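One structure is given below, encoded as structure tokens.
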Amino acid sequence: MEEIAEVYSRALFEAANEDGVLDDVHEQLNEFVDALEDEDQGDLRLFFYSPYFSSEEKKEGVGKVVSGADKRFVNFLELLAERHRMPVLPRIRRDFNSLWRDEKQLLPVTVTSAVELDDQLVKGIGDRIKDQTGREVELTPQVDPEVLGGLVVRVGNMVMDASVRSRLDQLRKQVTKAA
């Protein structure tokens, strides 16, 4: 499944990038997969994922469900339907989004705090990271009461933990060693 997702996501990415519609296709792919994964759209997912419906029925379904989308994206979905590859779409999206972030040189940044932070503060953190790295930042704020206070900032694969929970754990280890 992983190899299939990689092949299809790269093909869609390259076609969209060559034709200058990368951002549109990125948005349309995410919207379509979100709709499939929506709990309220179980019938849609059942239709596209089920082997009981023919590839022709699924191709017709794509035409009815997707309107106003990029022609390349619609053709891509019809190809997936024809080859019974629709269940691979979530993995295709993951791989496509990774390629898209690399192309856009987006750096994923997650800011986790005990309480919801002011938008300006989160934006300021993103701006400082952008200034230091020279890359566009894809900022995701999260709330986790376990942090207790302070921040945990994940920049790509690097984690900067300035949380109260982390400091308490360090203090506990020091006290345990001293005893």
Side-chain angles (χ1 to χ4, degrees), residues 1-41 45 66 68-70 72-73 76-77 80 86-174:
M1 284 282 235
E2 289 297 320
E3 290 176 10
I4 293 170
E6 285 179 35
V7 169
Y8 280 101
S9 62
R10 181 160 299 283
L12 178 62
F13 176 84
E14 289 175 1
N17 201 18
E18 279 178 17
D19 296 335
V21 293
L22 185 60
D23 290 338
D24 291 339
V25 170
H26 172 255
E27 184 177 323
Q28 292 165 10
L29 175 62
N30 283 313
E31 285 177 12
F32 188 78
V33 175
D34 285 345
L36 285 177
E37 292 179 343
D38 186 356
E39 293 296 322
D40 297 334
Q41 301 294 327
R45 185 174 48 252
V66 181
D70 181 77
R72 288 163 243 13
F73 180 62
F76 176 75
L77 290 178
L80 290 178
M86 292 299 255
V88 184
L89 261 171
R91 289 184 180 169
I92 291 171
R93 170 172 64 172
R94 185 196 63 215
D95 292 349
F96 185 94
N97 285 346
S98 177
L99 293 167
W100 183 80
R101 275 193 300 275
D102 290 346
E103 177 72 18
K104 298 293 182 178
Q105 294 187 337
L106 288 180
L107 184 62
V109 175
T110 306
V111 178
T112 307
S113 60
V115 296
E116 191 169 335
L117 297 175
D118 178 59
D119 289 341
Q120 286 300 102
L121 177 62
V122 174
K123 185 181 178 320
I125 292 169
D127 289 344
R128 291 195 65 194
I129 293 171
K130 178 182 175 181
D131 291 343
Q132 290 177 356
T133 62
R135 293 177 65 183
E136 287 296 318
V137 173
E138 185 179 41
L139 203 53
T140 307
Q142 290 181 340
V143 175
D144 181 3
E146 294 290 316
V147 171
L148 298 179
L151 296 174
V152 177
V153 180
R154 180 180 298 274
V155 179
N157 294 330
M158 192 172 71
V159 177
M160 296 176 291
D161 191 343
S163 67
V164 172
R165 166 67 68 199
S166 173
R167 291 181 184 160
L168 287 173
D169 287 345
Q170 289 173 352
L171 183 61
R172 182 183 47 82
K173 287 177 186 175
Q174 289 175 349

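Since the structure is predicted, the reported quantities are computational estimates derived from the model, not experimental observations.
Note on residues 97-128: pairs passing ring pair (Phe, Tyr, Trp, His ring centres under 6.0 Å), not counting sequence neighbours, are H26-W100. Applying the side chain to side chain donor-acceptor pair (under 3.5 Å) definition to pairs two or more places apart or across chains, those involving residues 8-21 are D19-R72.
Taking 4.5 Å as the limit, some side-chain heavy atom of K104 sits within range of a side-chain heavy atom of D23. Counting only heavy atoms from C-beta outward, the side chains of L139 and V111 approach each other to under 4.5 Å. Taking 4.5 Å as the limit, some side-chain heavy atom of L77 sits within range of a side-chain heavy atom of L89.
Checking side-chain atoms of Q28 against main-chain N and O of D70 turns up a donor-acceptor pair under 3.5 Å. Side-chain atoms of R135 come within 3.5 Å of backbone N or O of L106 as a donor-acceptor pair.
Between V147 and S113 the shortest heavy-atom distance is CB-C, 4.3 Å.
Across D161, I129, V159, a single residue satisfies side chain to side chain contact (heavy atoms under 4.5 Å, CB included) together with V153, and that is I129.
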Are E37 and R45 close enough, and set up right, to give a salt bridge (Lys or Arg N to Asp or Glu O under 4.0 Å), and what steps lead you there?
CA-CA 7 Å; E37 292 179 343; R45 185 174 48 252; over 6 Å; no

Verify side chain to side chain contact (heavy atoms under 4.5 Å, CB included) between D34 and R93, making sure each step is shown before the conclusion.
CA-CA 10 Å; D34 285 345; R93 170 172 64 172; 2.6 Å; yes

Run the side chain to side chain contact (heavy atoms under 4.5 Å, CB included) test on N30 and E27 for me, step by step, so that the C-alpha distance in whole Å, both residues' side-chain angles and the decisive distance to 0.1 Å come before the verdict.
CA-CA 5 Å; N30 283 313; E27 184 177 323; 6.0 Å; no

Apply salt bridge (Lys or Arg N to Asp or Glu O under 4.0 Å) to D127 and K123, showing your working.
CA-CA 6 Å; D127 289 344; K123 185 181 178 320; 3.1 Å; yes

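Residue D118 qualifies as enclosed at atom CG: its count of foreign heavy atoms under 6.0 Å is above 12. Annotation for R101: atom CZ counts as buried by contact number, over 12 foreign heavy atoms lying within 6.0 Å.
Atom CG of residue N97 and atom CD of residue E138 lie 8.0 Å apart, to the nearest 0.5 angstrom. The distance from the CG atom of L151 to the CG atom of L121 is 7.0 Å, given to the nearest 0.5 Å.
For F96, the ring pair (Phe, Tyr, Trp, His ring centres under 6.0 Å) partners are F13, not counting sequence neighbours.
Here E146 pairs with R165 in a salt bridge; the nearest charged N to carboxylate O distance falls below 4.0 Å.
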